[in-house]
Amino acid sequence: RITQILDSSGNEVIKFGTTGSAVNEITITNAATGDPPTISATGEADKGIDFENSEGEELLKLASVSSAVNEVKISNAATGSGPSVEATGGDTNIDINLTPKGTGELNVDGKVKSINGQSMAQTPFMSNLILGF
């Protein structure tokens with residue numbers, strides 16, 4: 001039984017934890033030229049993947065739904081350009097939903113340049129935001 005993977009100096013690189021009666025696992029699959037390798041949650045259907053810190057506190061939850069065809073793609077960028085978060089998938093038109101919990105609010109730290117290609121400085125929407133209507 002492998003419990004860890006060590007580097008050439010004997011330091012832990014990957015450590016494996018166990019759960020009695022486990023049925024869900026991570027599968028890492030390599031790929032041919034032009035395709036990305038994949039990390040998959042396998043076992044029971046539609047369980048997603050949770051990331052936790054060393055205290056067992058949740059950092060990020062990647063949830064899953066059955067028969068999903070749409071997803072979020074995050075791309076880095078070269079100097080002078082910003083990284084992007086975009087909707088991709090099988091549907092022609094795909095929304096991105098940002099949903100605060102309870103009375104939580106959506107906060108943008110920084111300037112909002114445009115909405116639907118219109119400068120925020122030139123729209124009635126911006127005036128309503130500033131005045132609180």
Side-chain angles (χ1 to χ4, degrees):
R1 170 183 288 190
I2 298 173
T3 60
Q4 59 191 354
I5 296 175
L6 307 176
D7 66 14
S8 60
S9 298
N11 300 309
E12 294 173 338
V13 176
I14 298 175
K15 197 174 183 179
F16 299 99
T18 60
T19 299
S21 303
V23 296
N24 298 315
E25 65 280 336
I26 297 293
T27 299
I28 300 173
T29 307
N30 60 2
T33 301
D35 294 322
T38 59
I39 299 173
S40 306
T42 53
E44 291 180 291
D46 305 316
K47 292 299 172 194
I49 299 174
D50 291 350
F51 292 85
E52 298 179 349
N53 66 13
S54 61
E55 304 300 315
E57 300 161 340
E58 299 159 337
L59 295 170
L60 175 66
K61 289 180 163 245
L62 300 177
S64 158
V65 299
S66 63
S67 304
V69 297
N70 301 320
E71 64 279 338
V72 174
K73 177 181 169 185
I74 301 174
S75 301
N76 59 2
T79 301
S81 298
S84 64
V85 177
E86 63 184 295
T88 60
D91 289 346
T92 301
N93 301 303
I94 307 168
D95 296 335
I96 294 179
N97 302 306
L98 301 174
T99 309
K101 183 178 178 182
T103 59
E105 299 175 348
L106 177 63
N107 300 299
V108 177
D109 187 17
K111 296 178 182 178
V112 176
K113 182 177 179 180
S114 66
I115 293 180
N116 286 333
Q118 294 186 15
S119 171
M120 291 300 291
Q122 300 173 1
T123 64
F125 175 75
M126 185 61 180
S127 298
N128 290 340
L129 281 177
I130 292 170
L131 298 174
F133 294 107

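Everything numeric in this text was worked out from a predicted model, so none of it was measured. These numbers come from the heavy atoms of this one structure, side chains and all, not from hydrogens, waters or symmetry mates.
Applying the side-chain contact (heavy atoms from CB on, under 4.5 Å) test to E71 and every residue at least two apart in sequence or in another chain returns T88. In this structure, the side chain to side chain donor-acceptor pair (under 3.5 Å) partners of D46, at least two apart in sequence or on a different chain, are S64. Contacts of A87 classified as side-chain contact (heavy atoms from CB on, under 4.5 Å), with partners at least two apart in sequence or in another chain: I94, I96. Under the rule for a salt bridge (charged side-chain N to carboxylate O under 4.0 Å, His left out), the partners of K61 that lie at least two apart in sequence or sit in another chain are D50, E58. Residues satisfying the side chain to side chain donor-acceptor pair (under 3.5 Å) criterion with D35, sequence neighbours excluded, are absent altogether. A search for side chain to side chain donor-acceptor pair (under 3.5 Å) contacts involving E57 returns N53, not counting sequence neighbours. Legend: residues meeting side-chain contact (heavy atoms from CB on, under 4.5 Å) with I14, ordered by chain and number and at least two apart, are I5, F16. Annotation: side chain to side chain donor-acceptor pair (under 3.5 Å) contacts of E25 (sequence neighbours excluded): T42. Shown here are the side-chain contact (heavy atoms from CB on, under 4.5 Å) partners of S9, two or more places apart in sequence or in another chain: D7, N11.
A distance-only check finds no donor-acceptor pair linking the side chain of D91 to the backbone of V69 [under 3.5 Å]. In terms of modelled atom types and a separation under 3.5 Å, the side chain of N24 and the main chain of E44 share a donor-acceptor contact.
When all heavy atoms of A41 and G48 are compared, the closest pair comes out as CB-O, 3.3 Å. Looking at every heavy atom in both residues, A31 comes nearest to P36 through CB-O, 3.4 Å. S40 and I49 make their closest contact through C-CD1, 4.5 Å (heavy atoms, listed as atom of the first residue, atom of the second, distance). Across all non-hydrogen atoms, the minimal contact from N30 to P37 is CA-CB, 4.2 Å. The two residues A77 and P83 make their nearest non-hydrogen contact at CB-N, 3.8 Å. Nearest heavy-atom pair across S84 and E86 is OG-OE2, 3.9 Å.
Once rounded to the nearest 0.5 Å, the distance linking NZ of K15 with CD of Q4 reads 7.0 Å.
By the neighbour-count criterion of 12 heavy atoms within 6.0 Å, atom CD1 of I39 is sparsely surrounded, having that number or fewer from other residues, nucleotides or ligands.
Grouping Ile, Leu, Val, Met, Phe, Trp and Tyr residues whose side-chain heavy atoms lie under 4.5 Å apart, directly or via other members, places V85 in a hydrophobic cluster with V72, I74. L6 belongs to no hydrophobic cluster, as no Ile, Leu, Val, Met, Phe, Trp or Tyr side chain comes under 4.5 Å of its own.
Transitive grouping of hydrophobic side chains (ILVMFWY, heavy atoms separated by less than 4.5 Å) keeps I2 and I28 in distinct clusters.
The side-chain hydrogen bond (donor to acceptor under 3.5 Å, both in side chains) pairs that include a residue from residues 97-107 number zero, where partners must be two or more places apart or lie in different chains.
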